[in-house]
Amino acid sequence: MHPTDFTLRGALDAMAEGIVTSEALTRAHLDAIAALNPRLNAFITVMEEQAMEAARESDRRRAEGLARPLEGLPLAIKDLFCTKGVRTTAGSKILRDFVPPYESTVTSNLLRDGAVFLGKVNLDEFAMGSSNATSAFGEVENPWKRGNDDGTRLVPGGSSGGSAAAVAARLALGATATDTGGSIRQPAAFCGIAGIKPTYGRCSRWGVVAFASSLDTPGPVARTVEDCAVLLGSMSGYDPKDSTSVDVPVPDFAAACARGVKGLRIGVPKEFRLDGMPEEIGALWERGLGWLRDEGAEIVEITLPHTQYALPCYYIVAPAEASSNLARYDGVRFGLRQDGEDLKDLYERTRAAGFGAEVKRRIMIGTYVLSAGYYDAYYVKAQKIRALIKRDFDIAFRDVDAILTPATPSAAFALGEKQDDPVAMYLNDVFTVTANLAGIPGLAVPAGQDRLGLPLGLQVLGKAFDEETVFAVGAAIERAADFKALPQVRAFAA
Ligand code: GLN
């Protein structure tokens, strides 16, 4: 077995048994990155020297009996997490040369537990997008190919496209990601891996470059549900530096994966049956419900009546917060600066040169919906709808333990497709945004393939801070689906 083929759990066990060292694991991943990154463009920055040094230190600690929970595991870090002394770009030209003097809380937690960072991975600019195509560092290619391979290059999804492509192509055992409207779950589904957006407040946002602060949620992607559970356990925890971090205990998420679903009530929201949804997506959803029923769960039809307003609501709230958050990139304090004739001219030139088209579009929409004349008509209205969407879930969860839906309305699409049609692009998030608006956890699990062999995912939604049930249901789906297909482009493919 090649070292890049281990699951994260498998690699931990193999290191504990002395079958492989972190140095060998890390070397194998760095070699895979060197071989494949020129094509996939998943990594923006490779931390070769730091990674090898950290791996050797991990091996020393293990030899001394001082192994920590993630000792020696090579991971990729979305380039939205500040890493001390390591360039952090947010996929934007405006932060192209930004080297943070501090480490984000989530990445500090991973380092505390012994993880090895391979490098920083690509993303849509400031995490705005569903295809990774808005990155100032270029597109990422999905390692999966259509079965009738006509040479079409597919998107890995976004915004965490680099994270998902790297993990699917075996360039890392797992990765950090963030989800504001679907950016963990949609790329995970497009790349045939698992990913969880935990409850808002479970993982600290401190040191994560802000997009829409009331929605942004750090979380992991990995090749198995259990691997996600292991990573989330490390990433989670109360952080006084983030005022929205919640002080609740971090349960043993990995143990929850083995619980099974017997006796659980699983909701099926009828509003998620979209007109024109591909038949394959509906069929996969039915199969997923069947698997859970076979394992002893009870399937219950539920209603989430405000679902149809979720996308418009999200595309007001998220740009509003983004326009405010991104005001800090003014050319004065950090990042790119374009000198001007006076201060205002400097701001304008810097922002015109530093931001890409999608980011500018969001800033304009956000500024508009927050402007004095439209604030009540758009922003306040969206806030009210958001409250109703959350209430829909509160009511539904009185009756069910978890909800099963498709993760995305389609499989991965071609690079370039939908790029000139923002509304078509925004439709990607139709199944995922409600969880962000409501703050609840959502897990994407690979569950099948479309007729061209591309991966399709199912989504498990749960109650706030009940990730354990979400993991239990996700792991049951994973066992039943027995998804074994591999992407065509991967490290050391036979
Ligand atoms: N695709 C959504 C957007 O463009 C979500 C992105 C995200 O979750 N970061 O806003």
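First listed ligand is number 1; within each ligand, the first listed atom is number 1.
The closest side-chain donor-acceptor pair between T405 and Q459 falls under 3.5 angstrom. There is a side-chain donor-acceptor pair under 3.5 Å between S159 and K78.
Considering every non-hydrogen atom in both N142 and F190, the closest pair reads ND2-O, 3.0 Å.
Protein residues are said to neighbour a ligand when one of their heavy atoms lies under 4.0 Å from it; for ligand 1 these are A127, M128, G129, S130, S159, D179, T180, G181, G182, S183, F211, Y314, Y315, R362, D429.
Judged by a 6.0 Å distance limit and a 45° cone about the ring axis, R273 is positioned over the six-membered ring of W285.
Rounded to the nearest 0.5 angstrom, F393 CZ and K463 NZ are separated by 13.5 Å.
Pairs passing the side chain to side chain donor-acceptor pair (under 3.5 Å) check and including a residue from residues 365-381, sequence neighbours excluded, read Y379-Q383.
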